[in-house]
Novice: 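My questions will all concern the structure given below.
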Amino acid sequence: MEAKSIVERTERGSSREGAAADEFRAHLHGMWGSVARAWGEHAEYADARGAAVTARMLELSMPQPGERLLELACGAGGVGLAAAERLAPGGDVVLSDVVPEMTAIASARAGALGLGNVTTCVLDLERIEQPDGSYDVVLCREGLMFAPDPARAAREIRRVLRPGGRVALAVWGPRDRNPWLGVVLDAVSAQLGKPVPPPGIPGPFSLGDADKLAALLSDAELSDVVISELPVPLRAVSFDEWWARTCALAGPLAKILASLPADAAQALRARAREAIRAYETPDGLEFPGLALLAGGRRAECSVSEVRWISGE
Ligand SMILES: C[S@@+](CC[C@H](N)C(=O)[O-])C[C@H]1O[C@@H](n2cnc3c(N)ncnc32)[C@H](O)[C@@H]1O
């Protein structure tokens, strides 16, 4: 489905809700479904590259023995799996993603690691079908920015946290600080003669502005919001390795790339090869990358709860 026409159709109405918006979301989720197998194949790579991000998320959220932790948009589940041992004894992890094939991969990985306190659940982070206040910790690595309505997702995160519960999120910083992926989007945009992702469509850099990210979380009534930057460089032994892996994992791009005629696909590769010259080293490619890390918590009680408790 052509993303632009869906956006036009959803925005023409008085609300983005409704059948067209649901269809649009289903389209986005389907794009992630189409790359689930690749996320399984590259799970160790994704976790190795994201290790510093994961460590910072655990530092920010401090999961404790006996607590319940929810990972959203888990993909192959690396963050929740890294947290699982910290919750024992007595605590548990729910690995969730909107794509069932992703949670199946995460479940198999938890089984292979012999983790008895990990379960999986298919959940949309914009509509988290879990009871209010049911988690001590919510984590999400590189997922929130793909939500068409991240403000709704942030409110949902607050809702499922218990009072005092903590959240830690990671999103990619600005496109120009992440050439490892920005170069691909630039090359595809140039090849197609239109911006990718199209304006208004959530993409990997849609929450790449630290001030906007902070406002998004504060507006959702999360407290003690802190945003920090974390360098996440990407190294690859060759152009071919980087290109194949990046294209295989890029959910929103997968369908576009697969549908290109052979000559256009070749021209795209040539563009990308030219664009990465600045990142070539004697040992392969070395790209800078930047993640934004956000931490926050649900306050022990909100103003309305204070009023209720004091009987006003
Ligand atoms: C870039 S991958 C990140 C995967 C994993 N968190 C990691 O860091 O390795 C983005 C993930 O977000 C998931 N996703 C996209 N939209 C979602 C939504 N609305 N609700 C839940 N998960 C979603 C995709 O299925 C995919 O697994």
Side-chain angles (χ1 to χ4, degrees), residues 16 21-58 69-83 93-107 109-110 120-130 138-157 160 168-172 178 180-181 184-185 197 201-208 230 232 234 245-255 289 291-293:
R16 285 181 66 94
D22 284 347
E23 194 187 343
F24 173 51
R25 287 190 165 88
H27 170 70
L28 294 177
H29 302 165
M31 290 195 303
W32 284 106
S34 72
V35 294
R37 180 199 278 221
W39 276 87
E41 286 166 7
H42 294 285
E44 300 299 324
Y45 161 80
D47 288 342
R49 178 159 189 239
V53 172
T54 302
R56 181 73 73 83
M57 290 171 75
L58 296 179
L69 181 150
L70 174 65
E71 183 183 0
L72 295 168
C74 71
V79 179
L81 295 176
V93 173
V94 177
L95 304 175
S96 75
D97 198 285
V98 78
V99 172
E101 294 89 337
M102 294 284 193
T103 57
I105 292 164
S107 175
R109 294 184 81 208
T120 58
C121 188
V122 175
L123 293 175
D124 182 345
L125 54 73
E126 289 184 276
R127 209 178 281 174
I128 305 173
E129 290 180 345
Q130 297 285 285
V138 174
L139 302 177
C140 184
R141 186 178 74 185
E142 323 302 2
L144 187 65
M145 63 277 208
F146 295 111
D149 187 349
R152 176 160 118 182
R155 290 193 299 273
E156 278 290 86
I157 288 171
V160 300
L169 307 167
V171 298
W172 292 117
N178 286 285
W180 62 274
L181 182 55
V184 181
L185 296 179
I201 299 292
F205 306 119
S206 48
L207 294 179
L230 186 69
V232 188
L234 183 150
R245 195 171 52 207
T246 307
C247 294
L249 295 176
L253 279 184
K255 205 171 169 193
L292 298 180
L293 275 289

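Quick note: numbers below take in every heavy atom, side chains included, and nothing from hydrogens, waters or symmetry partners. For ligands, and for the atoms within them, numbers begin at 1 and follow the listed sequence. Positions are given from 1 along the sequence.
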Novice: Under the 3.5 angstrom rule, does the side chain of R25 hit a backbone N or O of P148 as a donor-acceptor pair?
Specialist: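 Absent.
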
Novice: Would you check if the side chain of S96 reaches a backbone N or O of E71 as a donor-acceptor pair within less than 3.5 Å?
Specialist: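 Looks like yes, one N/O pair under 3.5 Å.
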
Novice: Taking the side chain from D97 and the backbone from C74, do they hold a donor-acceptor pair closer than 3.5 Å?
Specialist: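 Indeed, once roles are kept as given, a pair shorter than 3.5 Å links the two residues.
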
Novice: For ligand 1, which atoms sit closer than 4.0 Å to a heavy atom of L123?
Specialist: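 In order of number, 20 (N), 21 (C).
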
Novice: Look at atom 17 (C) of ligand 1 and find which of L249, I128, V98 reaches it with the closest heavy atom.
Specialist: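 Shortest heavy-atom distance from atom 17 (C) of ligand 1: V98.
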
Novice: I'd like the name of whichever of E142, R49, H29 reaches closest to atom 10 (C) of ligand 1 through any heavy atom.
Specialist: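 Answer by nearest heavy atom: E142.
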
Novice: Residues two or more places apart in sequence or in another chain: which of them pass side chain to side chain contact (heavy atoms under 4.5 Å, CB included) with V138?
Specialist: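 V138: side chain to side chain contact (heavy atoms under 4.5 Å, CB included) contacts with L70, L72, Y135, I157, V160, L161, V167.
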
Novice: Taking non-hydrogen atoms only, is L28 closer than 4.0 angstrom to ligand 1 via side chain, backbone, both or neither?
Specialist: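 Contact part for L28 vs ligand 1: neither.
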
Novice: Going by the order shown, which atoms of ligand 1 are within less than 4.0 Å of some heavy atom of W39?
Specialist: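 Under 4.0 Å from W39, ligand 1 has these atoms: 1 (C), 2 (S), 3 (C), 4 (C), 9 (O).
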
Novice: Select the closest option to atom 6 (N) of ligand 1 among M145, R141, R25, M57, judged by heavy-atom distance.
Specialist: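 Comparing heavy atoms across M145, R141, R25, M57, the nearest one to atom 6 (N) of ligand 1 lies in R141.
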
Novice: For ligand 1, does V99 get within less than 4.0 Å through its side chain, its backbone, both, or neither, judged by non-hydrogen atoms?
Specialist: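 The side chain, only.
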
Novice: Measure C74 to ligand 1 on non-hydrogen atoms and call it side chain, backbone, both or neither using the 4.0 Å cut-off.
Specialist: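 For C74, only backbone atoms sit under 4.0 Å from ligand 1.
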
